[in-house]
Amino acid sequence: MTEAPQRSDTSSPGIAELVMHTLAGDRRAIARLISLMERGGGEARRALAQLYPHTGQAHTVGVTGAPGTGKSTLVNAMAKVYRRQGLSVGIVAVDPTSPFSGGAILGDRIRMRDLATDPHIFIRSMATRGSLGGLARSTVDAVRVLDAAGYPVILVETVGAGQDEVDIARAAHTTVVLQMPASGDDIQAIKAGILEVADIIVVNKSDLPGAENAVAALQAMLDLNSTHAELHHGQLVRVEGPATDAIARPGAWRPPVLQTCAIRDDGVKELVAAIDRHWKHQRASGMKEQREREQVAEELRRILRYALLQHVLHQIPRQGLEDTVERIVARQEDPYSAADRLIAQAGLALDRH
Amino acid sequence: MQSQDKLESMREAMDEWERTTLRGALDAWPERYDEFVTTSGEPVKRLFTPDDVAGLDYQRDLGFPGQYPFTRGVHPTMYRGRLWTMRMFAGFGSAEETNERYKYLLAHGETGLSVAFDFPTLYGYDTDHPLAEGEFGKCGVAVSSLADMEILFDGIPVDRITTSMTINGPAAVIWAMYIAAAERRGIPMDALGGTIQNDILKEYIAQKSWLLPPEPSMRLIVDTFEFGSQYLPKWNTISISGYHIREAGSTAAQELAFTLADGLTYVQAAVDRGLDVDTFAPRLSFFFNAHNDLFEEIAKYRAARRIWAREMKERFKARNPRSWWLRFHTQTAGCSLTAQQPENNIVRTTIQALAAVLGGTQSLHTNSMDEALALPSELAARVALRTQQVIAHESGVTNSIDPLAGSYFLESLTNRLEEQAYQYFAKIDAIGGVVPALEQGFFQREIAASAYRYQREIDDHRRVVVGVNEYQMDEPLSIPLLRMDPEGERRQRERLARVRRERDNELLQRRLQALRAAAQGTENLMPYILDAVRANGTLGEVCDVLREVFGEYREPVII
Amino acid sequence: MAQDKIRVLIAKPGLDGHDRGAKVVARALRDAGMEVIYTGLRQTPEMIAEAALQEDVDMVGLSILSGAHMTLVPRVVNLLRAHGLSDVLVFVGGIIPDEDVPELLKIGVTGIYGPGAPLDDIVRDIQREVAAH
């Protein structure tokens with residue numbers, strides 16, 4: 001939807017009203033609905049239930065990479081390209097919450113000045129709030145809100161360190177991983193995990209020395225990489241063998257390695273074109289649906305895990321839990337027997353295989 | 001500097017003292033803090049002795065004033081020959097009002113001028129630019145056109161008085177206006193003496209009034225070095241600054257290290273362009289802060305001179321001794337002034353000014369008591385000027401050069417700061433230099449961390465600020481307003497409109513086009529900027545051409 | 001509004017580049033468990049209001065040391081209202097002369113913090129104001 005935004009006074013609306021206004025593209029409603037998703041709880045779940053049927057159109061692009069690789073600047077440049085194509089863009093920028101204080105400084109908007117007053121761009125900064133990956137627990141729900149509100153492209157920018165690249169790959173259709181030209185000789189700092197999840201690899205800050213080397217090194221690693229994903233009989237399968245064979249095999253996508261200089265807008269049009277190609281490839285090959293199935297299955301498992309855990313914990317009085325811990329520490333009970341006992345106490349019968 | 005035997009015996013005596021006399025005193029009366037620190041948070045020992053300066057070699061480390069390594073001063077007679085320049089930073093409202101303030105200060109004994117510009121001017125915007133709304137003349141004088149510059153210096157003999165202009169992004173353009181205004185009065189370029197701050201690197205780090213991205217900014221700065229070395233032999237084409245870095249919250253060591261690192265970067269850039277270091281280095285100048293901690297500040301200035309001399313001589317192989325000189329202007333620390341009980345600020349400024357003088361500054365601005373809150377009143381500015389005059393004539397500290405040299409404490413501090421500076425140089429080099437480091441936010445992070453730590457010390461009462469967290473009074477916080485002439489803005493805008501109407505616009509367009517073409521190439525831009533200014537191009541118009549060709553700078557995300 | 005975490009927008013409107021105070025306050029708020037959206041320098045009132053809308057903040061903090069506050073603060077307050085954000089609170093830090101304080105309070109600014117204002121006061125005030133609204 002690329003209509004001009006409407007202003008409405010949405011002070012203390014009911015959930016249905018909030019969802020309705022969001023679907024109409026009202027920005028205040030979108031903002032408040034995202035906040036509701038962050039808060040979680042029964043109201044958030046009700047809202048999501050109403051929202052969910054309207055999701056599924058947007059192309060979600062994850063942008064990740066180590067700090068300093070220029071993610072925000074690149075996202076800013078990408079959004080400008082999408083805008084020139086007449087598309088409105090939602091942006092979710094995730095930054096880490098301080099483990100000490102529970103607070104966060106979210107500064108990604110600083111790099112997105114160009115977009116600040118464009119009515120067809122919506123930027124939301126989120127803190128991870130204790131989530132260990134690069135995403136907040138509710139990032140996926142925030143994306144859904146923007147999806148339902150009609151943004152055809154949603155860019156999710158996350159902190160990339162450790163397992164985070166993998167996290168974003170679960171939430172996005174296309175994952176873009178940023179690298180920087182290496183200073184010195186730490187090209188081997190490229191983690192193998194990246195190559196598993198990257199759909200597109202970008203060497204940003206291509207004006208710095210070492211950019212060509214970084215591209216070459218990444219290409220070489222891709223050639224050597226022993227696993228990539230393919231579609232076999234409708235199933236996503238990890239296949240041994242270099243990705244260079246991919247040309248002959250339908251359904252395989254070899255991640256291109258691109259160069260950009262985001263601050264000068266160099267190479268960004270090509271990046272957006274590659275993202276578009278990936279999107280088309282995913283849909284044509286059936287990979288999109290398959291990946292979505294995996295993502296949904298993963299999310300369902302996650303929600304079930306959490307819900308069941310909450311259920312069990314709720315059934316046990318707090319003191320009971322503390323007593324159990326004491327018993328285990330005193331070697332009066334082992335952890336597994338203790339867990340079985342608590343589960344039984346919670347009224348669930350477990351079938352042990 | 002004592003012989004080994006004497007040192008040994010002293011050490012033994014000190015051990016004895018610690019075990020007996022000191023122990024007794026501590027048992028009866030513990031010290032006021034567990035740890036004593038400088039304003040920068042550096043721990044300070046109870047006592048300094050010959051042991052602390054055992055490695056000091058007088059001729060290698062201190063030397064004589066006016067001789068390498070210049071630790072004791074850049075001139076052989078220092079203040080016995082000539083006092084520092086008393087140069088009070090001033091500017092507000094319209095050119096007419098500021099011109100009056102300059103005449104007032106000169107009449108009261110200041111010996112050099114220093115121009116403060118308003119925010120729109122600092123960013124290269126004319127007064128009528130949309131972003132300039134509400135900002136006219138608020139923290140400095142508005143200069144949009146050559147006509148404004150002429151009024152600013154009307155009746156002031158710029159061939160006999162030096163002028164320092166705090167302008168960075170658009171420095172080349174403002175400098176061109178100063179030159180062109182003097183030209184119109186028949187004063188040739190080579191008679192003009194003064195300084196343009198022109199230090200873009202610290203803008204990215206601290207003061208934040210940039211115009212263009214780093215690369216073109218550096219190009220423009222080297223253009224000014226080249227032009228100055230050819231046509232304005234009495235002009236300091238840069239004032240490499242630590243003042244603002246300190247104001248942003250850095251420690252003394254960071255101020256010292258980051259400033260000198262910036263300086264070395266400029267020298268390298270000019271040398272890379274092909275300039276002979278001795279043609280421009282003598283006209284590089286510096287600008288430091290004078291903060292509260294008397295000894296730390298004095299040590300900082302002395303370390304700065306020694307480090308710069310060494311780097312210029314050994315790294316850049318400069319042969320002219322004047323290239324080894326670190327000459328500097330000092331301003332007392334604005335960030336140390338309080339809104340509470342503003343009269344206390346006179347005392348703070350006095351101690352800080354004393355540090356600058358004992359540290360051998362060439363030029364000094366002392367803050368007015370109300371300066372942290374508002375533009376200074378005439379009375380407050382006068383007291384600040386008198387502070388310098390009392391120090392100069394009544395305190396006796398100018399009778400002998402570098403009087404505190406040899407102090408065990410001071411020489412240790414000087415060495416320690418030098419050491420810390422080199423540690424920072426190594427870190428910066430590891431990142432690849434000043435420009436990569438600032439793009440990565442290295443400086444900004446260090447400064448923000450120091451600023452936060454300092455504020456927490458105050459909030460937690462581990463550091464006393466008189467009147468703020470101790471010795472408070474029940475007082476309404478009075479932030480005075482310097483009343484500016486509301487007609488000033490109207491007059492200036494009218495003048496601007498008139499200039500645009502009455503000039504030869506075709507000629508101007510041709511000159512701006514020539515500038516544009518030169519900017520896209522590699523020629524020195526100063527002549528083109530001068531030509532545009534002579535044709536009455538406004539500040540905004542000339543800067544727009546530069547912005548157009550080079551783009552605008554984007555600040556990194558560093559909090 | 002996100003009730004469990006207080007979200008605060010810290011912005012520097014106008015051309016003033018002195019951000020030491022804004023950054024120190026941002027850190028203090030983070031250390032108090034708040035989420036701080038820091039927008040950086042040279043923000044127009046439009047940019048600030050738009051950011052406040054999209055980020056669904058509880059509070060907007062404006063840092064102004066240039067003297068241009070009597071132009072910029074009312075513009076921001078009015079734009080917030082126009083965007084339907086009258087429930088978003090505004091506080092101001094920086095150099096505000098006495099004479100201007102009553103006017104700012106009248107247009108709805110909840111706190112004015114001059115030089116030397118303890119960080120804990122700012123944190124407490126924000127917590128109290130957000131809880132009360």
Side-chain angles (χ1 to χ4, degrees), chain B residues 92 118-123 125 129-140 203 206-210 244 247-249 334-335 337-340 372-375 444 447-449 451-452 454-456 458-460 465 467-469 476-482 484 554-559, chain C residues 10 12-32 36-47 63-76 93-101 112-124:
Chain B
F92 52 88
D118 70 359
F119 270 119
T121 308
L122 293 175
Y123 287 124
Y125 294 129
H129 191 278
L131 278 175
E133 199 188 332
E135 312 254 15
F136 170 86
K138 287 271 165 44
C139 59
E203 293 303 318
Q207 184 162 245
K208 315 290 176 106
S209 46
W210 53 70
H244 320 81
E247 290 293 295
C335 61
L337 304 183
T338 61
Q340 297 81 349
L373 307 178
L375 297 165
Q444 297 90 320
I447 293 168
Y452 190 53
Y454 188 81
Q455 186 59 42
R456 277 261 81 105
I458 293 171
D459 283 356
D460 297 344
V465 179
V468 171
N469 63 0
L477 215 55
S478 182
I479 300 186
L481 199 60
L482 176 72
M484 283 191 283
R554 292 297 156 85
E555 67 164 325
V557 183
I558 316 294
I559 295 134
Chain C
I10 301 266
K12 285 202 63 71
L15 299 178
D16 168 27
H18 299 95
D19 56 4
R20 172 180 182 169
K23 287 185 176 179
V24 164
V25 169
R27 284 189 179 211
L29 299 188
R30 176 202 59 196
D31 286 354
V36 181
I37 292 101
Y38 184 80
T39 60
L41 304 174
R42 304 202 207 175
Q43 299 292 297
T44 62
E46 289 76 13
M47 288 164 78
S63 162
I64 310 176
L65 293 93
S66 62
H69 48 277
M70 289 316 287
T71 310
L72 295 169
V73 176
R75 290 273 306 281
V76 171
I95 310 272
I96 313 292
D98 297 343
E99 353 228 307
D100 295 337
V101 169
I112 299 178
Y113 302 98
L119 297 172
D120 289 340
D121 282 2
I122 302 178
V123 167
R124 252 199 321 270

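Numbers restart at 1 for each chain; the letters A, B, ... are given by sequence-line order, proteins then strands. Owing to the predicted nature of the structure, the values given are computational and were not obtained by experimental measurement.
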| Any sub-3.5 Å donor-acceptor pair from C:Lys12's side-chain atoms to C:His18's backbone N or O? | yes

| Do any N or O atoms from the side chain of B:Glu247 and from the backbone of B:Gly334 form a donor-acceptor pair under 3.5 angstrom? | yes

| Taking C-beta and beyond as the side chain, do C:Ile64 and C:Pro13 meet within less than 4.5 Å on heavy atoms? | yes

| Checking B:Tyr125 against chain C: side chain, backbone, both or neither under 4.5 Å from a heavy atom? | side chain

| So which part of C:Ala28 gets closer than 4.5 Å to some heavy atom of chain B, the side chain, the backbone, both or neither? | both

| Relative to chain B, which segment of C:Leu72 carries a heavy atom at a distance below 4.5 Å: side chain, backbone, both, or neither? | side chain

| Region of C:Asp16 in contact with chain B, defined by heavy-atom distances below 4.5 Å | both

| said: A side-chain contact here means heavy atoms from C-beta on lying under 4.5 Å apart; do C:Asp100 and C:His69 qualify? | reply: yes

| said: What I'd like to find out is whether the side chain of C:Val73 reaches to under 4.5 Å of the side chain of C:Ile96, using heavy atoms alone. | reply: no

| said: Taking side chain as everything from C-beta outward and backbone as N, CA, C, O, which of these in B:Pro130 sits under 4.5 Å from a heavy atom of chain C? Side chain, backbone, both or neither. | reply: neither

| message | Whether the side chain of B:Glu135 engages the backbone of C:Leu15 through a donor-acceptor N/O pair (distance < 3.5 Å, no angle test) should be reported. | response | yes

| Does any heavy atom of chain C fall under 4.5 Å from the side chain of B:Glu203, the backbone, both, or neither of them? | neither

| said: Please identify, among B:Ala248, B:Cys335, B:Gly140, the residue contributing the most non-hydrogen atom pairs under 4.5 Å to chain C. | reply: B:Ala248

| field | Toward chain B, the part of C:Ser66 with a non-hydrogen atom under 4.5 Å | value | both

| said: Between C:Arg30 and C:Val36 (side chain of the first, backbone of the second, donor and acceptor by atom type, cut-off under 3.5 Å), is there such a pair? | reply: no

| message | Please classify the contact between B:Tyr452 and chain C as side chain, backbone, both or neither, with a heavy-atom cut-off of under 4.5 Å. | response | both

